[in-house]
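A short worksheet on the structure shown next.
Letters go in sequence order (proteins before strands), and every chain restarts at 1. The model shown is predicted, which means the values in this text are computed figures rather than measured ones.
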Amino acid sequence: MQLFIHALGGAETVHSASPTKKTGNSTRTTGSRVYEEVYMLLPKTVVMHVCQRCVSLLLSRPLSAALQQSTLALHQRAHLTLLQHSTRHTHSRQTWRHFTDHQAASPDVYNKIDLAQKEVVPFNSDVHRIDLDAAVHPSPLQEISEEEAVQIHVPSALPPESSTLRPYVDESETLSKLVQLGVNLWKLEQRPNVGSMLVRLDFHADVAPKLLLLKDLGVEETKLGQLLTKNPFILTESLDNLEARVSYLKSKKFSKQSVAAMVSKAPYLLNFSVERLDNRLGFFQKQLGLSAEKTRDVVTRLPKLLCGSLEPIKENLKVCELEFGFRGNEIQHIVTTVPKVLIANKRKLTQIFDFIHNTMDVPHSLIAKFPQVLNAKFLRIRERHLFLEYLGRAQYQPSQPNYISLDRLVFLPDEVFCSEVALATLEDFERFQKTL
Amino acid sequence: MTTQAVRLFRKMNGLFAVYKPQGVHWKHVRDSTESNLLKALNSCPPPAPQLALQFQLLSGGENCSSKDVVLSPSMVPTLADHPLVTGPQFHKVHVGVGHRLDAFSSGVLVLGVGKGNGVLEHLCKSHVTRDYTLEGEFGKATDNFTHTGRVIEKTTYDHVTLDKLERVLAMIQGANQKALITYSQVDLHTQEAYELAVRGLLYPHGKSPPILTGLRCIHFNPPNFTLEVQCVNETQKYLRKLIHEVGLELRTSAVCSGVRRTRDGPFKVENALTRQHWTADSIMQAIAHFRPKTDKRIDVNV
């Protein structure tokens with residue numbers, strides 16, 4: 001038997017039976033809440049631990065106010081029966097008393113002093129022994145009054161834990177609104193602990209203010225779904241922090257549209273602290289030696305630069321300078337035209353440059369003029385170059401006749417390339433590909 | 001009631017050939033084809049969501065006054081069946097690889113989908129012959145027998161002529177023929193052994209080292225030369241080593257600058273799919289094309 005510390009509400013020790021892993025396990029009748037860390041030890045399973053409190057929150061919401069009181073009362077009755085079941089599993093008086101103390105101590109949900117009284121009394125008595133002869137239960141054919149009929153509550157079949165969010169979507173306001181926004185809940189529930197976090201969110205207190213903030217910023221509503229799918233933690237970030245970061249970016253003279261574009265392209269941007277953003281902007285301006293206007297332009301086009309680590313970027317810059325042999329102003333031009341070079345894979349970049357410079361004999365100045373080739377796929381460049389060489393049309397010097405510019409070599413689709421540049425048919429190109 | 005996606009999935013069974021480009025790991029090829037097939041499957045319309053009864057507060061009809069709100073029932077699709085909540089319909093398609101090609105080589109790579117994987121294993125284990133085109137270069141020797149490796153020695157090759165090369169190839173072929181006869185476990189002095197050998201139906205039984213059933217030079221232009229090889233039970237490293245040994249026999253050294261598989265059993269290079277055609281519809285067409293050949297092959301081997 002293990003004791004787990006519950007995440008919500010501080011140090012409440014809860015007793016639980018052996019940790020069960022799978023969905024909606026009906027034998028798991030203990031009303032215990034298990035901290036997610038247990039499940040981190042079980043790497044393959046992703047289990048949503050919706051504590052009883054949350055389940056009851058979900059259950060109580062959609063019902064009208066008139067019925068609320070009675071449903072809460074019935075919840076208490078349901079919990080009482082669960083407690084009774086749990087007593088069968090407990091061996092120590094100690095832990096059971098902890099559980100009841102806890103019940104008494106959380107008035108906001110259970111709100112029940114009568115429940116605590118009911119629980120404290122009966123440990124010594126035989127509450128858990130059901131007297132089958134007692135005529136307590138009414139016959140199903142008996143007529144009952146309207147008030148009693150209204151009080152009959154069919155307990156919702158919401159499982160206390162589940163490995164998907166499917167059982168909770170229809171009941172939870174937060175989850176249904178997120179689905180209507182276009183958030184891909186399936187993708188989010190694959191990530192550890194994100195599902196539990198989403199279920200615990202309160203729509204009006206947590207989610208709505210942040211959505212309004214993003215909307216004020218200018219992020220389109222259609223993009224909100226994708227943004228939240230990539231970064232659900234924007235909903236747990238405090239509103240003050242988000243506003244501080246937005247105002248920081250605006251103070252650096254990023255226009256409103258550019259801030260909105262940056263947040264849509266790099267969803268994690270607003271989760272980073274102001275110091276970190278400041279540090280990165282300063283680094284880019286200093287290292288690249290660009291003016292403030294150009295730095296802003298580069299960062300707006302590729303806001304991922306502000307999110308990731310600076311070490312790979314420093315390495316790429318060193319590679320460009322030392323290994324490739326580009327001069328300072330050439331590097332500046334490359335970075336302002338194709339910022340992706342800064343975060344490209346070093347090995348692939350080297351492979352492409354090696355092929356273009358050594359095999360295709362293209363000088364540095366020409367590569368700096370068309371830096372898009374450094375962004376292209378190596379196989380594509382190789383196959384097209386070899387095809388042109390086979391046809392005798394591999395001419396990359398602008399001074400010579402029949403010159404083929406590097407961007408046309410790389411960016412035209414296959415049919416256009418074959419018909420205009422290589423002056424051959426697509427079938428010929430495919431046949432040539434099979435000889436490589 | 002089967003959905004369109006399920007019907008399409010049930011049709012995805014069989015073998016097809018793909019042309020693997022040089023420098024690409026075979027796993028990348030397998031993963032790309034699997035993700036393309038999954039993309040096609042998941043783009044089919046999802047099954048209709050279940051409807052649930054919900055009581056909604058709607059304004060009353062003509063009978064009531066406009067201020068009345070009435071609880072009226074309506075069937076609403078449950079959000080639990082929304083594609084954003086359930087996820088894609090298919091997560092995995094079984095795509096298996098036949099005889100593998102290492103990253104340095106290019107050529108025909110046989111892949112199997114669904115039930116074709118069982119046949120694939122059969123094909124792989126059976127002694128089908130494979131055709132290769134080997135490009136060699138005289139003058140240097142490297143540590144991994146390829147022209148991109150670390151150079152260990154450099155030699156001259158002026159003395160090499162086509163005549164000498166052919167003699168060396170004939171010698172290698174002779175040695176391999178002997179090995180073929182030994183591993184085919186037929187008694188050399190019988191009439192049936194002669195009949196089989198004449199018709200070229202000898203093939204090794206059980207475990208055997210790589211055996212070349214055919215070897216010839218198709219292009220000779222020193223320092224470059226090209227060999228065509230038919231072999232059984234080989235690896236691409238063995239073939240590169242073969243080039244190295246040819247160089248040694250000619251008292252020079254040689255490295256391999258390309259290994260290209262042109263045939264793997266009944267799958268030829270003309271029918272292999274190039275990179276642009278690694279999509280679901282081309283793959284289904286290729287499977288349909290190869291179906292009669294693979295069925296015939298299974299019958300012959302079994």
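Close approach to chain B, defined as a heavy atom under 4.5 Å from one of its heavy atoms, is seen in Asp414(A) of residues 413-424 of chain A, taken by number. Within residues 28-35 of chain B, no residue has any heavy atom under 4.5 Å from a heavy atom of chain A. For residues 429-436 of chain A, a heavy-atom distance under 4.5 Å to chain B picks out Phe429(A), Glu430(A), Gln433(A), Lys434(A), Thr435(A), Leu436(A), given by residue number.
Using a distance-only test at 3.5 Å, with no hydrogens or angles considered, no donor-acceptor pair links the side chain of Asp170(A) to the main chain of Thr78(B).
Within a 6.0 Å sphere centred on NZ of Lys177(A), heavy atoms belonging to other residues, nucleotides or ligands number more than 12. Atom NE2 of His289(B) has more than 12 heavy atoms from other residues, nucleotides or ligands within 6.0 Å. No more than 12 heavy atoms of other residues, nucleotides or ligands shown are found within 6.0 angstrom of OH on Tyr390(A). Crowding of Lys210(A) atom NZ: a count of heavy atoms from other residues, nucleotides or ligands under 6.0 Å exceeding 12. The environment of Arg100(B) atom CZ is sparse: at most 12 non-hydrogen atoms of other residues, nucleotides or ligands sit within 6.0 angstrom.
To the nearest 0.5 Å, atoms NE2 (His82(B)) and CG (Leu185(A)) are separated by 9.5 Å. Leu84(B) CG to Leu188(A) CG: the interatomic distance, rounded to the nearest 0.5 Å, is 10.0 Å.
Only the side chain of Glu383(A) comes within contact range of chain B, with at least one heavy atom under 4.5 Å from a heavy atom of that chain. In this structure, the portions of Thr86(B) lying under 4.5 Å from any heavy atom of chain A include both its backbone and its side chain. Contacts between Val24(B) and chain A at a heavy-atom distance below 4.5 Å involve the side chain alone, from C-beta outward. Of the atoms belonging to Glu270(B), it is backbone heavy atoms, and not side-chain ones, that fall under 4.5 Å from chain A.
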Inset, instruction - Could you please spell out the steps behind the side-chain contact (heavy atoms from CB on, under 4.5 Å) verdict for Glu189(A) and Val85(B)? - result: CA-CA 9 Å; Glu189(A) 72 193 14; Val85(B) 181; 5.6 Å; no

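Listed by chain and number, the residues in a side chain to side chain donor-acceptor pair (under 3.5 Å) with Lys39(B) amount to none (sequence neighbours excluded).
Contact between Gly87(B) and Trp186(A) at its shortest, heavy atoms only, is CA-CG, 3.3 Å.
Using a 4.5 Å cut-off on side-chain heavy atoms (C-beta onward), Leu426(A) and Gln276(B) make no contact.
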